[in-house]
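Written below as structure tokens is the structure these notes are about.
In this text the structure is predicted, and so the values were computed from the model without any measurement. Side chains included, hydrogens not; waters and symmetry mates left out as well; all remaining heavy atoms used.
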Amino acid sequence: MSDAHEDPLAPADTTDADVQVPRVVCDTTSLTEDTSTPSGALWRLAEPGRQLDANVVRVPPGGGVDAHVEGDLDVLLLVVAGDGTLGTAEGARSLTPGSLLWLPRGASRSLVAGGEGLCYLTVHRRRPGMWIQSRPDVPDA
């Protein structure tokens, strides 16, 4: 039975590390307006116990990500600022703010930032931690 003075609609006590509550974790507009970081990751999801990884990345004008295949994970990519081009096996696709891309695992893709540079959010399943294993062709010491 709950205390008569307890408000059942009040937010849960978030001091308990096991309690998960929805919350705003990033303001991409203000993040991409700050140009003090010319390229690279501007933000990373770092919540403990998460099942997802997410990053906001800035690519400078003319910069990019070379063609590659991600064999393990599907990725969602949302362009939040700037412009660019997505390279695919079917040709190039123009990217502008608001473009939401599904990058299926096993598909070749590349990115090239346009004249304004390119900022995007990626979201994918969290990769398991790296494991150091001995190679079967190398005897144990």
Can you spot which of V80, L31, L121, L45 makes a side-chain contact (heavy atoms from CB on, under 4.5 Å) with C26? L31
Value for NE2 (H68) from CG (D66), rounded to nearest 0.5 Å, stands at 9.5 Å
NZ/NE/NH1/NH2 to OD/OE distance under 4.0 Å, R105 and D74: yes
By side chain to side chain contact (heavy atoms under 4.5 Å, CB included), which residues pair with S99, not counting sequence neighbours? V79, L95, T96
Are V65 and L73 connected in the hydrophobic side-chain network, where two residues link if heavy atoms are under 4.5 Å apart? no
Can you list the residues that meet the side-chain hydrogen bond (donor to acceptor under 3.5 Å, both in side chains) rule with R44, with sequence neighbours excluded? none
Those residues that, when tested against N55, pass side-chain hydrogen bond (donor to acceptor under 3.5 Å, both in side chains) (two or more places apart): none
Does V123 share a hydrophobic cluster with V25, counting links as ILVMFWY side-chain heavy atoms below 4.5 Å and allowing steps through other members? yes
Pairs in or reaching into residues 24-39: which pass salt bridge (charged side-chain N to carboxylate O under 4.0 Å, His left out), with residues at least two apart or in two chains? none
Heavy-atom pair with the smallest gap, counting every atom of G64 and V59: N-CG1, 3.5 Å
So, taking the atom named CG in L100 and the one named CG in L77, what distance separates them when rounded to the nearest 0.5 Å? 8.0 Å
Between T28 and W43, is there a side-chain heavy-atom distance shorter than 4.5 Å? no
Could you name each residue pair satisfying salt bridge (charged side-chain N to carboxylate O under 4.0 Å, His left out) that touches residues 108-118, not counting sequence neighbours? none
Would you check if the side chain of R58 reaches a backbone N or O of T32 as a donor-acceptor pair within less than 3.5 Å? yes
Going by heavy atoms in the side chains, are L86 and L103 under 4.5 Å from each other? yes
Pairs flagged by side-chain hydrogen bond (donor to acceptor under 3.5 Å, both in side chains) wherever residues 78-92 is involved - sequence neighbours left out: E90-R93
Looking at D72 and R125, what are the two nearest heavy atoms and their distance? O-NH2, 3.3 Å
Answer whether the closest heavy-atom distance between the side chains of V57 and L42 falls below 4.5 Å. no
Check the hydrophobic clustering (I, L, V, M, F, W, Y; side-chain heavy atoms under 4.5 Å; chains of links allowed) and say if L111 and L78 are grouped together. no
Any heavy-atom pair between the side chains of P60 and P38 that's under 4.5 Å? no
Ion pair present between E47 and R126, side-chain N to carboxylate O less than 4.0 angstrom? no
